[in-house]
Amino acid sequence: MSRILFNHVYKQYGKDKLNVVKDFNLSIEDKEFVVFVGPSGCGKSTMLRMIAGLEDISAGEIYINDVLVNDLPPKDRDIAMVFQNYALYPNMSVYENIAFGLRLRKMPKHEIDIAVKRAARVLEIEPYLERKPKQLSGGQRQRVALGRAIVRNPEVFLMDEPLSNLDAKLRVQMRSEIIRLHKQLGVTTIYVTHDQTEAMTMASRIVVMKDGIVQQVDTPEEVYNNPANTFVASFIGSPSMNFIAGRLEERAGKLEFHTNRFALAIPAIHSKELVSKRLVNKVVTLGIRPENISVNRKALEVFPNAVINGVYAFNELMGADRFLHLDIGGPTLLVVRGSPDNLYNEGQQISVVFDMQKALYFEKDSGERLVNVHNSFG
């Protein structure tokens with residue numbers, strides 16, 4: 001079992017005791033793949049270094065397998081860490097790099113040989129064991145760094161932005177390799193990244209951080225579909241969620257979302273929640289993802305109370321998708337996911353329909369989510 005528990009963990013720097021991590025609480029279960037994600041400076045790498053023992057904890061407790069590790073030296077924590085810059089010894093061969101930690105432990109030579117070759121086989125780097133790091137590609141170097149970690153058979157893997165130095169194609173390939181490796185080895189893993197795509201595709205759970213504070217901890221699906229606040233909603237997802245400010249008004253016994261240019265009917269299941277929170281006649285922020293807005297003619301006919309008009313500005317072709325940017329009179333353009341054949345002329349008026357079952361509502365000032373998302377109309 002490799003369970004990790006964080007109990008009210010803080011990290012402070014300087015005479016002013018600036019909080020880089022604030023009241024961090026989390027339980028990570030055995031064999032989980034948990035990703036810490038957030039912008040630069042949010043505290044995610046600092047958390048990783050505190051787990052590894054490379055940074056002191058200012059307050060709180062960290063437990064690994066029910067053992068308090070606050071004052072435990074890094075070498076006694078049974079943790080393997082993979083760094084962004086690979087941290088390979090340039091004068092050593094691949095074989096020697098992988099074997100280095102085992103030799104420090106004074107493991108018998110024949111056992112080291114078995115362990116190194118097993119790791120090389122798993123990572124498909126057997127042909128490169130006699131090469132030096134400078135003779136390898138970026139992806140091969142990263143595999144060597146992974147090999148040096150897994151050969152120790154640790155309780156926990158810590159990975160600090162291990163793919164950020166690779167090109168886009170290789171990052172995709174290495175993501176798959178790390179996922180395969182995790183499933184094969186079943187070792188509890190904490191992975192740090194600023195790349196939300198890595199978080200969404202790799203994690204069993206995501207920890208979203210901002211300014212040293214945990215914003216949300218949940219599965220990738222739940223973080224994407226039910227973000228806790230506007231920060232999570234904007235950070236997770238590409239393109240980002242659309243946000244529109246408007247007032248909730250009751251008309252003929254039904255709740256509507258009103259702006260100066262349009263009104264949208266709110267589904268009954270959302271209306272009930274919003275009314276119960278006494279938000280009628282209050283300004284809120286509506287959030288909706290680009291894929292939940294349609295230019296489909298049939299949808300426009302079926303859901304006339306969820307239609308708005310915009311002026312086409314430009315588009316971004318992303319292979320199977322074409323993202324349309326429309327001016328709807330707000331401070332930012334509305335982004336709509338369409339198909340590659342959705343072509344328009346600049347300045348052309350376009351009608352789109354919102355899947356209001358998928359719309360989210362956030363508190364105007366705090367940004368906290370007000371209702372949960374429900375099933376779409378398809």
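It should be emphasised that the depicted structure is a prediction, and the values quoted were computed from it without experimental measurement. Position 1 is the first residue of the sequence, and the numbers go up from there.
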Side chains of Met50 and Ile62 in contact at under 4.5 Å (non-hydrogen atoms): yes
Heavy-atom closest contact (Gly60 atom, Asn70 atom, distance): O-ND2, 2.8 Å
Leu129 versus Val116, closest heavy-atom pair with distance: CD2-CG1, 4.3 Å
Lys254/Glu256 ion pair, N-O < 4.0 Å: no
Minimum heavy-atom distance Met174-Leu146, with the two atoms named: CE-CD1, 3.8 Å
Pair Arg322 + Glu316, salt bridge at N-O below 4.0 Å: no
Side chain to side chain contact (heavy atoms under 4.5 Å, CB included) assessment of Asp30 paired with Arg3: CA-CA 5 Å; Asp30 184 45; Arg3 185 169 178 263; 5.6 Å; no
Asp56, CG: over 12 other non-hydrogen atoms inside 6.0 angstrom: no
Contact check, side chains of Ile213 and Met209, non-hydrogen atoms, under 4.5 Å: no
Pairing of Glu32 and Arg205 as salt bridge, 4.0 angstrom limit: yes
Modelled atom types, side-chain donor and acceptor of Glu55 and Tyr13, under 3.5 Å: yes
Shortest non-hydrogen contact from Ile150 toward Leu185: CG2-CD1, 3.6 Å
Donor-acceptor side-chain pairing of Glu161 and Thr193 below 3.5 angstrom: no
Any side-chain donor near an acceptor of the partner, Ser58 and Gln12, under 3.5 Å: no
Stepwise side chain to side chain contact (heavy atoms under 4.5 Å, CB included) test for Ile112 and Arg103: CA-CA 8 Å; Ile112 291 175; Arg103 286 176 176 160; 3.6 Å; yes
Under 3.5 Å: donor-acceptor pair, side chain of Asn342, backbone of Ser339: yes
Asn225 side chain vs Glu221 backbone, donor-acceptor pair below 3.5 Å: yes
Leu370 CG to His270 NE2 distance, which is reported to the nearest 0.5 Å: 11.0 Å
Flag if over 12 foreign heavy atoms under 6.0 Å of NZ, Lys277: yes
Full working for side chain to side chain donor-acceptor pair (under 3.5 Å) between Glu29 and Ser27: CA-CA 6 Å; Glu29 301 304 320; Ser27 177; 3.0 Å; yes
Pairwise side-chain contact, Val295 with Leu324, heavy-atom cut-off 4.5 Å (strictly under): yes
Flag, side chain of Arg289 to backbone of Pro239, donor-acceptor distance under 3.5 Å: no
Polar side-chain atom of Asn65 near backbone of Val67 as donor-acceptor pair, under 3.5 Å: no
Flag, side chain of Asn226 to backbone of Asn372, donor-acceptor distance under 3.5 Å: no
Donor-acceptor contact below 3.5 Å, side chain Asn242 vs main chain Val335: yes
Evaluation steps, side chain to side chain contact (heavy atoms under 4.5 Å, CB included), between Val82 and Phe157: CA-CA 8 Å; Val82 180; Phe157 282 142; 5.7 Å; no
Spacing of CZ belonging to Phe262 relative to CG belonging to Leu264, to within rounding of 0.5 Å: 5.5 Å
Ring pair (Phe, Tyr, Trp, His ring centres under 6.0 Å) assessment of Phe323 paired with Phe314: CA-CA 9 Å; Phe323 291 99; Phe314 65 94; over 10 Å; no
CD1-CG distance between Ile328 and Leu334, expressed to the nearest 0.5 angstrom: 4.5 Å
Any side-chain heavy-atom pair of Val307 and Val352 under 4.5 Å: no
Any donor-acceptor pair under 3.5 Å from Arg143 side chain to Gly138 backbone: no
Side chain to side chain, Val207 and Leu26, heavy atoms closer than 4.5 Å: yes
Reference residue Met202; test side chain to side chain contact (heavy atoms under 4.5 Å, CB included); the match among Thr189, Ile179, Thr197: Ile179
Parallel, tilted or perpendicular: ring planes of His182 versus Phe33, cut at 30 and 60 degrees: perpendicular
Exercise: identify the closest heavy-atom pair between Gly147 and Ile98: O-CG2, 3.8 Å
Closest heavy-atom pair and its distance - Arg141, Leu88: O-CD1, 3.8 Å
NZ-CD1 distance between Lys109 and Ile114, expressed to the nearest 0.5 angstrom: 13.0 Å
Exceeds 12 heavy-atom contacts within 6.0 angstrom, atom CG of Asn260: no
Salt bridge Lys117-Asp113, side-chain N to carboxylate O under 4.0 Å: yes
Whether Glu363 side chain and Ser366 backbone form a donor-acceptor pair below 3.5 Å: yes
More than 12 heavy atoms of other groups within 6.0 Å of Glu346 CD: no
Atom CG of Asn281: over 12 foreign heavy atoms under 6.0 Å: yes
Check: Tyr10 ring centroid to Phe24 ring centroid under 6.0 Å: no
Side-chain heavy-atom pair Val69, Ile51 within 4.5 angstrom cut-off: no
Atom pair CD (Gln349) and CG (Asp327), whose distance is rounded to the nearest 0.5 Å: 11.0 Å
N/O donor-acceptor pair under 3.5 Å between Ser271 side chain and Ile266 backbone: yes
Between Tyr128 and Gln140, a side-chain donor and acceptor under 3.5 Å: yes
Approximate separation, where rounding is to 0.5 Å, of Arg171 CZ and Arg175 CZ: 8.0 Å
Exam field: side chain Glu96 to backbone Ser93, donor-acceptor pair closer than 3.5 Å: yes
Same cluster (ILVMFWY, side-chain, under 4.5 Å), Met47 and Ile190: yes
Within 6.0 Å of CG in Asp76, more than 12 heavy atoms from elsewhere: yes
Worked verdict on Val280 versus Leu274 for side chain to side chain contact (heavy atoms under 4.5 Å, CB included): CA-CA 7 Å; Val280 178; Leu274 294 167; over 6 Å; no
Intermediate values then yes/no, side chain to side chain donor-acceptor pair (under 3.5 Å), Glu198 and Tyr191: CA-CA 9 Å; Glu198 287 182 19; Tyr191 186 106; 2.7 Å; yes
Validation row: Ile308, Ser351 side chains within 4.5 angstrom (heavy atoms): no
Enclosure of Met318 CE (heavy-atom neighbours >12, cutoff 6.0 Å): no
Note, Lys132 side chain near Asn91 side chain (heavy atom, < 4.5 Å): no
